[in-house]
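The next block holds one structure in the form of structure tokens; read it before the comments.
In what follows, chains carry the letters A, B, and so on, assigned in the order in which the sequence lines appear, proteins first and then strands, with residues in each chain numbered from 1.
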Protein chains: 2
Amino acid sequence: MASRDDRSTRDRLLDAFEQQLVEGGSRSATLDAVAAAAGVSKGGLLYHFHSKDELVEGMLERLHEQADADVEKMRTAPAGPVDFYLETSVDSGSPFDRALIAATRVAQENDPRAAAAMARVRDAWFAVLAEHLGDEALARTIQLIGDGLYFDDSTGLRDPDALAHVRKVLGRLDVL
Amino acid sequence: MASRDDRSTRDRLLDAFEQQLVEGGSRSATLDAVAAAAGVSKGGLLYHFHSKDELVEGMLERLHEQADADVEKMRTAPAGPVDFYLETSVDSGSPFDRALIAATRVAQENDPRAAAAMARVRDAWFAVLAEHLGDEALARTIQLIGDGLYFDDSTGLRDPDALAHVRKVLGRLDVL
DNA sequence: CCAACTGTACCGTCTGGACGGTACAGTAAC
DNA sequence: GTTACTGTACCGTCCAGACGGTACAGTTGG
């Protein structure tokens with residue numbers, strides 16, 4: 001009945017993997033580095049994940065869970081889905097955001113599973129935005145703005161006023 | 001006096017380097033792969049660039065030249081800078097776009113030179129947008145949309161209607 | 001109740017291959 | 001004879017993955 005206790009090390013390894021991907025890119029996300037960052041030996045890592053591929057698989061699996069929860073929160077957000085979506089696009093400190101950026105790094109290495117995972121998450125977001133706004137063009141545009149906020153964050157160039165600017169413009173469109 | 005003639009192979013190497021970075025990520029952009037893609041031996045590559053670092057340096061140098069030319073074209077575009085900016089954010093087949101995506105890949109590996117290059121290009125674009133629109137909030141928002149288009153392209157998820165959607169929304173703001 | 005055994009969660013070491021880089025001899029064109 | 005390469009032979013390091021071993025908590029049979 002210790003099946004709930006192995007979550008700790010397993011998740012710590014996944015966290016470390018994501019951290020390496022986000023902070024140093026896929027090149028620095030080696031098994032050694034991941035194991036060290038998780039405070040586990042390389043052998044210990046390979047006990048939980050038999051290959052680097054399984055590490056990716058595990059990360060993507062967890063991403064899906066987080067994504068489902070995020071979409072649900074977006075749907076029921078008090079300030080509305082648009083505000084929630086934009087807000088969470090900037091706040092790149094959250095575990096979910098880190099998982100997403102990590103997934104894009106893997107997708108860039110031509111991993112079809114990661115690309116599919118990203119597509120699935122994006123489609124879910126778009127569905128909520130489009131339903132709420134009743135306007136595909138506007139929904140897609142807002143999604144692009146969110147992508148832009150993501151992109152800026154993940155390349156290290158953060159403009160603290162960006163979100164305020166976006167709010168101002170969307171206000172003119174009676175969206176916020 | 002052959003300094004204009006080595007452009008051929010030198011540029012072909014830089015092209016190949018960028019191609020590897022864009023299509024396979026930084027992990028697959030090895031010296032062997034770059035040399036092979038350029039139809040040059042590894043020794044030939046190292047004749048032109050004494051290290052991988054010099055390859056990055058050369059790429060960034062060329063990026064700056066391309067960026068200056070792009071900003072000039074943007075400034076004098078017949079349809080206006082906004083339209084030009086958005087248009088070129090989607091068309092990821094152009095050499096300049098490829099160079100930019102390649103630079104982001106390098107920047108993700110914590111290369112400060114690449115990050116600085118990206119920042120410089122982005123600042124130049126923003127200056128033109130802000131000057132043309134006379135509205136910082138709108139300029140920043142449009143820049144974010146462009147970033148979003150870039151991001152989508154570079155992660156392989158392309159929505160063919162994205163640009164049309166954006167145009168429609170910007171039309172409501174009397175921008176296009 | 002205790003010995004034998006099983007499964008889980010690791011650690012430390014090793015190997016084979018890839019990668020960055022060096023060195024250098026040879027070649028072909030201008 | 002300089003420029004622009006090719007090709008081969010290396011070296012040291014890094015990396016993914018395999019492997020053998022350890023500690024220990026449970027379980028099962030007698």
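- The CD-C1' distance, from B/Glu109 to D/dC14, rounds to 15 Å in whole Å.
- The side chain of A/Tyr47 lies closest to C/dT8 when the candidates are C/dT8, D/dT6, D/dA4.
- Put simply, CZ on A/Arg12 is 12 Å from C1' on C/dA9, counting in whole angstrom units.
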Tabulate atom names and distances for all N/O pairs under 3.5 angstrom spanning the protein and nucleotides 21-30 of chain C.
from   : atom 1 : to      : atom 2 : distance (Å)
C/dG21 : OP2    : B/Lys52 : N      : 2.8
C/dG21 : N7     : B/Lys42 : NZ     : 3.0
C/dG21 : O6     : B/Lys42 : NZ     : 3.3

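- Comparing D/dT6, D/dC5, D/dA16 by their nearest atom to the side chain of B/Arg27 picks out D/dA16.
- Per the geometry, CZ belonging to A/Arg10 stands 14 Å off P belonging to C/dT8, to the nearest Å.
- Note: CG (B/Leu45) to C1' (D/dA4) measures 14 Å, nearest angstrom.
- The closest donor-acceptor contact from the side chain of A/Glu54 to the backbone of A/His50 lies under 3.5 Å.
- For A/His48 and C/dC10, the shortest distance from a side-chain N or O to OP1 or OP2 is below 4.0 Å.
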Expected list for residues 32-40 of chain A: side-chain donor-acceptor pairs under 3.5 angstrom, two or more places apart:
none

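- Between A/Phe49 atom CZ and D/dA16 atom P there is a gap of 15 Å when expressed in whole angstrom units.
- To the nearest 0.5 Å, atom CZ of residue B/Phe151 and atom CD1 of residue B/Ile145 are 15.5 Å apart.
- The backbone N or O of B/Arg122 lies less than 3.5 Å from a partner atom in the side chain of B/Gln143, making a donor-acceptor pair.
- Of the side-chain N and O atoms in B/Thr30, none sit less than 4.0 angstrom from OP1 or OP2 of C/dA18.
- The backbone N or O of B/Ala29 lies less than 3.5 Å from a partner atom in the side chain of B/Lys52, making a donor-acceptor pair.
- B/Arg105 places a side-chain N or O within 3.5 Å of a backbone atom of B/Leu21 that can act as its donor or acceptor partner.
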